[in-house]
Amino acid sequence: MKNLKYKLKLKDAINGFSLIEVLIAMLILAIGFMGITALQYQGLKYNTDAVLRTQINFLAYDLADRMRLNRSNIASYIDSDTITTSAPTGCNEATASNAANDLNCWKLLAYNTLPPGTTTGISASGRFYTITIGWTDREGDTRNITYTFQ
């Protein structure tokens with residue numbers, strides 16, 4: 001009789017041990033899924049930053065090209081502005097290229113592309129022109145990108 005009781009207790013202990021193994025495996029799997037989710041979130045966050053920086057690059061090169069096309073009036077492009085919460089006016093793509101229209105169209109493009117409160121600045125130093133674009137990122141930090149060209 002004692003052997004039978006011992007065998008039953010041993011069998012119950014083995015079944016309980018299997019349940020503990022399953023619970024530990026599920027815990028390890030859950031921690032793995034949480035890690036994958038955190039990596040996915042970080043990747044999405046950095047991808048958003050990369051998209052914004054790419055758009056800023058395109059905008060800066062677009063303005064530089066507009067200025068190169070209108071070299072005779074290049075001094076008229078020097079400007080410092082903050083993109084407001086309302087769309088800039090005065091852009092007419094059908095008119096001939098002039099500095100005021102180019103700046104208005106570029107500001108409208110920047111307004112439609114960049115976050116509100118973005119600052120832009122165009123300055124000159126001799127034959128070199130500098131385009132500075134500043135914005136506030138998700139964390140509230142101010143970021144600036146500066147492009148200098150001839």
Side-chain angles (χ1 to χ4, degrees), residues 1-70 74 77-93 97 99 101-150:
M1 192 72 154
K2 284 186 176 181
N3 278 345
L4 183 62
K5 285 182 179 178
Y6 178 72
K7 286 182 181 176
L8 287 174
K9 287 182 180 179
L10 186 61
K11 186 178 179 185
D12 290 341
I14 291 172
N15 288 340
F17 186 70
S18 295
L19 183 61
I20 290 172
E21 285 179 339
V22 170
L23 289 174
I24 290 172
M26 288 177 60
L27 177 67
I28 292 170
L29 191 63
I31 290 171
F33 280 138
M34 287 180 2
I36 290 171
T37 303
L39 285 173
Q40 186 71 18
Y41 174 73
Q42 288 295 327
L44 185 63
K45 186 167 76 169
Y46 291 127
N47 188 35
T48 303
D49 288 343
V51 166
L52 182 61
R53 288 177 183 270
T54 301
Q55 291 171 337
I56 288 170
N57 279 329
F58 285 138
L59 285 169
Y61 283 111
D62 177 58
L63 183 59
D65 287 341
R66 289 175 190 252
M67 292 171 73
R68 285 184 187 116
L69 285 172
N70 195 3
I74 200 163
Y77 284 90
I78 296 173
D79 184 37
S80 178
D81 197 12
T82 300
I83 298 172
T84 60
T85 55
S86 59
T89 58
C91 173
N92 186 357
E93 293 288 343
S97 178
N101 188 51
D102 280 347
L103 278 175
N104 289 333
C105 291
W106 185 78
K107 286 178 187 177
L108 181 63
L109 185 63
Y111 169 80
N112 290 328
T113 307
L114 301 177
T118 299
T119 59
T120 61
I122 305 154
S123 60
S125 176
R127 292 180 33 196
F128 292 96
Y129 294 89
T130 303
I131 299 170
T132 304
I133 300 175
W135 75 99
T136 304
D137 63 7
R138 276 180 279 87
E139 287 87 23
D141 297 332
T142 302
R143 305 282 184 203
N144 288 311
I145 292 182
T146 303
Y147 299 91
T148 302
F149 63 95
Q150 277 184 313

Neighbour count above 12 (heavy atom, 6.0 Å) for Gln40 CD: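 For Gln40, atom CD is not crowded (no more than 12 foreign heavy atoms under 6.0 Å).
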Summary of disulfide bond (SG atoms under 2.5 Å apart) pairs that have at least one residue in [range], sequence neighbours excluded:
| range | value |
| --- | --- |
| residues 116-150 | none |
| residues 18-49 | none |
| residues 104-150 | Cys91-Cys105 |

May I have the step-by-step check of side chain to side chain contact (heavy atoms under 4.5 Å, CB included) for Leu108 and Asn104, ending in yes or no? CA-CA 6 Å; Leu108 181 63; Asn104 289 333; over 6 Å; no
I need the single residue from Val51, Leu114, Thr120, Thr113 that forms a side-chain contact (heavy atoms from CB on, under 4.5 Å) with Ile56. Which is it?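 Testing Ile56 for a side-chain contact (heavy atoms from CB on, under 4.5 Å) against Val51, Leu114, Thr120, Thr113 leaves exactly one candidate, Leu114.
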Quick one: salt bridge (charged side-chain N to carboxylate O under 4.0 Å, His left out) pairs with a partner in residues 54-64, sequence neighbours left out?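 Listed once each, the pairs are Asp62-Arg66.
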I need the full list of ring-ring contact (aromatic ring centres under 6.0 Å, His included) pairs touching residues 30-58, with sequence neighbours left out, sorted by first then second residue.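 ring-ring contact (aromatic ring centres under 6.0 Å, His included) check on residues 30-58 returns no pairs.
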Would you check if Leu103 and Ile122 make a side-chain contact, meaning some heavy-atom pair closer than 4.5 Å?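 Side-chain contact under 4.5 Å: yes.
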Spatial distance of atom [atom1] ([X]) from atom [atom2] ([Y]) [nearest 0.5 Å]:
| X | Y | atom1 | atom2 | result |
| --- | --- | --- | --- | --- |
| Phe149 | Leu63 | CZ | CG | 6.5 Å |
| Thr132 | Asn144 | OG1 | CG | 7.0 Å |
| Asp49 | Leu44 | CG | CG | 10.0 Å |
| Met67 | Trp106 | CE | CH2 | 10.0 Å |
| Leu29 | Ile24 | CG | CD1 | 13.5 Å |
| Glu21 | Leu23 | CD | CG | 10.5 Å |

Taking every non-hydrogen atom, the tightest pair across [X] and [Y]:
| X | Y | value |
| --- | --- | --- |
| Leu52 | Pro115 | CD1-CD, 3.6 Å |
| Arg127 | Gln150 | NH2-NE2, 3.3 Å |
| Ser123 | Ile78 | CA-CG2, 4.3 Å |
| Ala60 | Ile131 | O-CD1, 3.5 Å |

In chain order, what residues pass the side-chain contact (heavy atoms from CB on, under 4.5 Å) check against Arg53, with sequence neighbours excluded?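 Listed in chain order: Trp135, Arg143, Ile145.
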